Amino acid sequence: MKKILFGILLVASIPSMAGKQYEIASPDGQLKAEIKVENGLSYSVAFDGREVISESSLSMSFADGMEWGKKPRVTKFSKKSVDTTVPSPFYRSESIADRYNVARLDFKGGWGVEFRAYDDGIAYRFIYNGKSPLTVASEEVTYNFPLDATAYVPYAKGRKDDPYFNSFENEYTKVKLSEVDRDKLVFLPMVVDLGDNVKVTITESDLERFPGLYMKGTGTTSLKGCHAAYPKKSLQGGHNNLQMVVQEREDYIAKSDGSRTFPWRVAIVTGNDKDLAATNLSYLLASPSRIKDTDWIKPGKVAWDWWNCWNITGVDFKAGVNNATYKKYIDFAAENDIEYVILDEGWAVNKKADLMQVVPEIDLEELIKYASDRNVGIVLWAGYHAFDRDMEEVCRHYSDMGVKGFKVDFMDRDDQEVVDFIHRAAETCGRNNLFLDLHGMYKPAGLNRTYPHVLNFEGVNGLEQMKWSTIDLDQVEYEVMIPFIRQVAGPMDYTPGAMNNGTKHTYHADYYQPMSQGTRCRQLALFIVYDSPFTMLSDTPVNYDREPECRDFIAAIPTVWDETVILDGKMGDYILTARRKGDVWYVAGLTDWTPRELTVDLSFLGSGKHEAVLFRDGVNASHNANDFKKETLSVENTTPLNVSLAPGGGFSMIIR
């Protein structure tokens with residue numbers, strides 16, 4: 001790893017001075033943060049000379065009465081610049097430029113605050129240099145805005161007795177800052193639109209040994225952070241007895257031992273939506289990889305059983321959770337170079353929360369051998385409590401059996417207890433050469449950098465919602481929101497690939513034979529637009545085999561990339577994405593329910609003519625969303641390509 005540090009300035013033993021101010025700017029000089037140390041600690045942010053975050057205070061309080069940020073006394077101030085490149089082998093590019101300026105303030109009492117300024121954001125975190133254990137009572141996280149801007153907020157759907165118990169799945173509510181519901185939690189990321197294309201996206205990164213951050217409205221132009229308190233008493237329950245339901249919480253949010261850094265508080269600031277969709281701050285701010293040998297980590301696509309309800313037809317066995325059905329999935333995967341097959345909920349005895357109790361209809365050893373002989377890996381679903389109660393034995397046992405990874409589900413919390421579980425699960429799976437896909441899960445917060453075998457995360461209102469939701473859930477608009485909001489926090493297990501597609505007028509919920517909102521070509525495009533190193537094919541093998549052109553196109557799309565370029569986009573309206581693997585480019589676009597013509601700038605291609613395979617909406621896709629047209633054409637980097645998209649439409653293209 002190449003690393004360059006320059007422009008280092010150290011000032012030691014600075015006496016406490018009222019009204020002392022410090023400044024840090026992004027490498028391009030467009031973003032500036034002013035840090036103020038008076039009776040308290042605060043900062044403000046300007047973008048291109050315009051204030052985007054007004055003076056906002058930060059502090060941390062402890063159970064023993066100690067407070068960081070109240071009457072602080074600076075003992076040292078330092079600045080430096082960093083220009084390096086970090087590897088990102090299982091993400092949107094093989095490596096990412098990491099260029100920023102740092103300002104660090106150390107204070108009397110053994111604590112400090114570090115600010116980083118990137119070209120697309122400002123982040124800060126608390127640092128503890130002492131050795132004594134800490135019990136954190138609360139952290140003050142404030143975002144004051146200079147005007148009553150429009151916010152896009154995902155409200156947590158918490159339990160009545162515990163608002164912090166939620167699955168981190170919801171649409172975005174568009175509301176003025178002063179009207180953000182003060183009685184609801186907002187999970188992150190969220191976006192504040194200040195007008196003139198300037199947006200501030202609030203999120204966090206490097207979340208470890210600490211609970212996740214939520215925001216709450218105040219009835220003003222300010223947002224205040226809050227955290228779930230540490231669980232004091234929990235009972236087994238929830239979905240199929242696979243969760244731990246908190247009955248009572250402590251009067252503190254976190255406990256930790258010794259010196260440490262705390263999670264980054266991140267404000268991504270951009271002047272156009274294309275830059276917002278392209279940001280890598282969540283990844284860059286995370287701790288570097290703790291997995292030395294990554295050769296065993298194999299991203300890929302996976303044939304999935306649950307969304308399509310094991311809907312196999314034309315066979316002489318009863319489809320369901322049994323070996324005959326999964327052999328059909330394995331055969332489909334093998335025939336189409338799909339790397340994995342997952343056994344979702346049902347393979348272990350229901351309501352026992354014991355992953356060693358396998359239902360009699362499943363012979364795992366036989367299935368694993370059958371799959372291995374066909375170069376297909378087996379992945380197992382696991383409920384949170386079932387996985388946690390005997391994690392070491394479960395991982396050892398199934399790794400020895402030949403299982404490749406686990407999809408762990410239904411944590412539905414991000415208090416410190418669950419955050420600690422996630423890190424322990426990542427470490428344990430890493431030691432046993434098992435990868436992880438996390439559902440019922442909070443935002444990635446950079447975990448995919450620290451543990452690169454954690455390939456994918458839910459925390460998204462994914463395609464599964466189409467099994468039971470009416471058209472009132474506008475999934476088409478949501479799908480052109482999340483590249484600019486949820487995806488800035490990391491990969492998404494959205495589970496695309498529906499072969500039964502509906503227009504605004506023909507879509508309807510069907511749990512057993514589900515369909516998507518929007519066109520067939522939209523479903524193909526999701527495989528390219530969304531970051532998803534472990535991508536589920538949601539539909540049944542029978543439906544894919546009825547649509548061989550679409551099946552073959554999906555099978556040819558990689559899940560990790562050498563390069564990603566966001567060509568164009570407007571949050572909630574459309575997005576255009578190009579990705580490269582080797583010398584092949586994959587280009588895709590999505591629109592909302594508004595039909596539109598997108599112009600694809602192909603200047604990223606090399607010179608000369610290139611052969612492209614294009615899937616675009618059929619001329620009748622506005623009436624029958626299954627309609628598509630496949631074309632082979634010649635393209636070159638000097639001539640933009642115009643593509644017409646139907647309402648709820650999309651297009652995909654492979655350029656060789």
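If you're wondering where the values come from, they're calculated on a predicted model, not measured in any experiment.
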List the steps and the verdict of side chain to side chain donor-acceptor pair (under 3.5 Å) for Ser57 and Glu140. CA-CA 7 Å; Ser57 56; Glu140 179 188 18; 2.6 Å; yes
I would like to know whether Asn101 and Ser81 meet side chain to side chain donor-acceptor pair (under 3.5 Å); could you show each step before the answer? CA-CA 4 Å; Asn101 293 324; Ser81 297; 2.6 Å; yes
Carefully, step by step, assess Arg579 and Glu563 under the rule salt bridge (charged side-chain N to carboxylate O under 4.0 Å, His left out). CA-CA 6 Å; Arg579 302 187 192 261; Glu563 183 180 357; over 6 Å; no
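In terms of modelled atom types and a separation under 3.5 Å, the side chain of Arg260 and the main chain of Glu208 share a donor-acceptor contact.
Defined by atom type and a distance below 3.5 Å, a donor-acceptor pair is missing between the side-chain atoms of Tyr384 and Asp412. For the 3.5 Å distance criterion, the side chains of Thr270 and Asp120 fail to qualify, holding no donor opposite an acceptor. A side-chain donor-acceptor contact under 3.5 Å links Tyr214 and Asn166. Using modelled atom types, one finds no donor on one side chain facing an acceptor on the other under 3.5 Å when comparing Thr84 with Asp98. For the 3.5 Å distance criterion, the side chains of Asn129 and Ser259 fail to qualify, holding no donor opposite an acceptor.
Of all non-hydrogen atoms in Ile53 and Ala267, the two that sit nearest each other are CD1-CB, 3.7 Å. Residues Cys429 and Cys395 approach most closely at SG-SG, 3.9 Å, considering heavy atoms. Across every non-hydrogen atom of Leu207 and Gly212, the tightest pair is CD2-CA, 3.9 Å. Nearest heavy-atom pair across Leu455 and Pro299 is CD1-CA, 4.0 Å.
Between His453 and Tyr451, the angle of the ring planes goes over 60°, which puts this pair in the perpendicular group of the 30/60° scheme. Between Tyr172 and Tyr478, the two ring planes are parallel [angle under 30°; tilted spans 30° to 60°]. Note: Tyr124 and Phe126 have perpendicular aromatic rings, judged against thresholds of 30 and 60 degrees for the angle between ring planes.
Separation of atoms NZ (Lys199) and CZ (Phe47) is listed at 11.5 Å; rounding is to 0.5 Å.
Taking the ring centre of Tyr22 as origin, the terminal cationic atom of Lys20 falls inside the region bounded by 6.0 Å and 45° from the ring axis.
One finds no salt bridge joining Lys407 and Asp493 here, because no Lys/Arg side-chain nitrogen approaches an Asp/Glu carboxylate oxygen to under 4.0 Å. Looking at Lys255 and Glu250, no side-chain N of the basic residue comes within less than 4.0 Å of a carboxylate O on the acidic one, giving no salt bridge.
Checked against a 6.0 Å centroid threshold, the rings of Phe262 and Phe210 count as neighbours. Residues Trp68 and Phe62 bring their aromatic ring centres within 6.0 Å.
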